[in-house]
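I have placed the structure first, in the form of structure tokens, so that the comments after it can refer back to it.
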Number of protein chains: 2
Amino acid sequence: MTKPKQVTIVEVAEAAGVSIATVSNVLNRGGIRSSKETIRKVELAAEQLGYRRNTMAAGLSRNKTYEIGLIIPAMAGYYGQLAEHLQIEAHHAGYHLSVFSSGGFDPDIERRHLEVLLQRRVDGLICHGLAMGFETTRSIVNSGTPLVLINGWGWPEDIATGAVNLGFAGACLQSVKVLADHGCETICYLGSKRSKVIDEQRLIGFDAGMAQFGGGVSQEIVDTMGLDIEAYLRDLMQRHAKSVGVVAFDDHVALRVLSAANKMNIDIPGRLKLIGINNDYIAKESYPGISSWDIPYNDQAQMAINKLMHKIGNKAESGEDREIEVPLTFIERGTTKLQ
Amino acid sequence: MTKPKQVTIVEVAEAAGVSIATVSNVLNRGGIRSSKETIRKVELAAEQLGYRRNTMAAGLSRNKTYEIGLIIPAMAGYYGQLAEHLQIEAHHAGYHLSVFSSGGFDPDIERRHLEVLLQRRVDGLICHGLAMGFETTRSIVNSGTPLVLINGWGWPEDIATGAVNLGFAGACLQSVKVLADHGCETICYLGSKRSKVIDEQRLIGFDAGMAQFGGGVSQEIVDTMGLDIEAYLRDLMQRHAKSVGVVAFDDHVALRVLSAANKMNIDIPGRLKLIGINNDYIAKESYPGISSWDIPYNDQAQMAINKLMHKIGNKAESGEDREIEVPLTFIERGTTKLQ
DNA sequence: CTGTTAGCGCGTTCAG
DNA sequence: CTGAACGCGCTAACAG
């Protein structure tokens, strides 16, 4: 199956009895400056011959692809959701978004995808928290292709055009407040070093929250990597007779805690109060429902695409900050309050 | 920011003091037939100038893109996982996979993505259960681009080169057997009409299972669209004094059932036994763990890519069937058996 | 082994 | 409003 030769504008031009320039104008430039009659003829011919524009030729010729590349650590959960929204927003802006997963923060795969996208001459790049270091990234993206970061804090301006970050710190800070207000005598943060930068942000918020609202409340910081949640919980409950609060890295971790607690018959939210992040569907559908922080996917996607468009169109940055912070919204459910 | 002109092989050729053909040979054709010295010179020049091959020009020239497109209904859950594995397998085969989501079985978005991919002249297409009809699909994919379906049953040969399908029917059939063996007096299938074709497959298996193993066992078939699970469960338990079995559409639905049961203090697996499909992480991490069917992502991805490669390379179909069935594996957990 | 040349399909002048 | 001609960056013969 050698690729069957596809029909080109030349053939359409012949069939319609006009020149290729005319065909190009009618088909790919919104029918500017052409007589109704010509337009009809061309469109008919194209339709009948099954003409389909060759993106490569077009891109090559005008030095613009109308494609933007997205690299995320994985397809699951938050990343995948964001990808969907970005795809939609990109489409609204007249661009197409190609999605690549770096298979869970693998720097090598990440580099490979980046390289491929640049070889494609994408007009822009959106990346979620690059696993590569600054230097490596710089040496790769020095081509002048605009790069917008998602959840990337403190990147140098010569690499990233800007960043759109979720307000994890604020969410964690407020989580501590909620738990403290509910009378927890100790508050634990169950982190995940796998997502380094995000974990850091959450810790910043947690620490700030403890400093601000944690008077007389003890604290603990634990990483879930290889942690036996059940054992940890048992130990925790033994050490504290009254109410314990847990801020989980995300709803995934929260579910594990919840399940362990259910198994051990720990009273929720009486003895144990729990807050997750992401507002995954599991948060809504577990029992009890997990209090969590909802992510405004739409906003984040819109802002990211806008930022990119500004840069691509060389428009002024419209006075926005280089790093935008998008706040999350608390959704309270059964793990922190009685119905 | 007009795109800064990128360096081309012409410039590399000049810098290295050779012809562009030589540069092309060295850089993009695996160093075929070139003196060590020339290779060194060219590579050095390319390195220093920061040369990056232009995929569009290459693809245009050789009429081959080494890109394959994937369209899935969504990024979440099974689809996203599969996409990751497909990406890896595609890479092993020397291809790149661009992923597009049709935003939940939206035929319009699906068509748009398909169109874009064909305009890119991808070498192959992988689609998960197209929402479009046969006719529409045919009119779009008649370009001779090989198309492999994932979970597509009974598609005409002139459209799809082949299909790699998960053995949902077999899994449901066996689920019924398991529940019947465990002494359930009634067995319910909680479906989801949203995923039409998949729901059909599951029902086929369920029906076959009831016919084969359901002697003396009553059955019920319900759709979860807009269903009040808690109310349904209450009703179900009232109508049946002994053990009730539920085959859920997937682990997502299973979790909702599980949560409702936990809330109502229904004994699991004593009074209610539950089996999901997909073996999502929620199945492992809920309490009790949800018995489910594990999906061999690797196998399915490998087979899909192989099928596509065979067709692209015009190799014989190696005697394989056009529709391949990949079996699932039962993972038993707390919702069907006591620890 | 290396250089020359002719396209790949389309966008864009610039005369008519 | 139309048509001929050139160029985008690269590959694939074919000569040398």
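Given the structure is predicted, the values throughout are model-derived calculations rather than measurements. Numbers restart at 1 for each chain; the letters A, B, ... are given by sequence-line order, proteins then strands. Just so it is clear, the values below take in all heavy atoms, side chains as well, and ignore hydrogens, waters and symmetry mates.
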For this session: Evaluate the side-chain proximity of B/Ile126 to B/Ile305: yes if any heavy-atom separation is below 4.5 Å, no if none is.
Result: yes

For this session: Can you check each nucleotide of nucleotides 6-16 of chain D against protein heavy atoms at under 4.0 Å and return B for base, S for sugar-phosphate only, - for none, in 5' to 3' order?
Result: -BBBBBB----

Problem set entry | Pairs meeting criterion salt bridge (charged side-chain N to carboxylate O under 4.0 Å, His left out) with involvement of residues 93-112 of chain B, two or more places apart | none

Exercise. Salt bridge (charged side-chain N to carboxylate O under 4.0 Å, His left out): which pairs involve residues 87-105 of chain B, sequence neighbours left out?
Worked result: none

Seminar exercise, completed: Axis-to-axis angle across the helix from C/dC1-D/dG16 to C/dG16-D/dC1, five pairs each end, nearest 10 degrees, ~ 40°

Test of understanding: with salt bridge (charged side-chain N to carboxylate O under 4.0 Å, His left out), list the residues that count as partners of [X], not counting sequence neighbours.
X: B/Arg40; result: B/Glu37
X: A/Glu115; result: B/Arg52
X: A/Glu84; result: none
X: A/Glu67; result: A/Arg120, B/Arg120

Which atom pairs, one a donor and one an acceptor, fall under 3.5 Å between side chains of residues 69-78 of chain B and the rest of the protein, sequence neighbours left out?
unit_1	atom_1	unit_2	atom_2	d
B/Tyr78	OH	B/Asn151	ND2	3.4
B/Tyr78	OH	B/Gln300	OE1	2.8
B/Tyr78	OH	B/Gln300	NE2	3.3

For this session: Starting at atom CD of A/Glu11, determine the distance to atom C1' of C/dC8, rounded to an integer number of angstrom.
Result: 13 Å

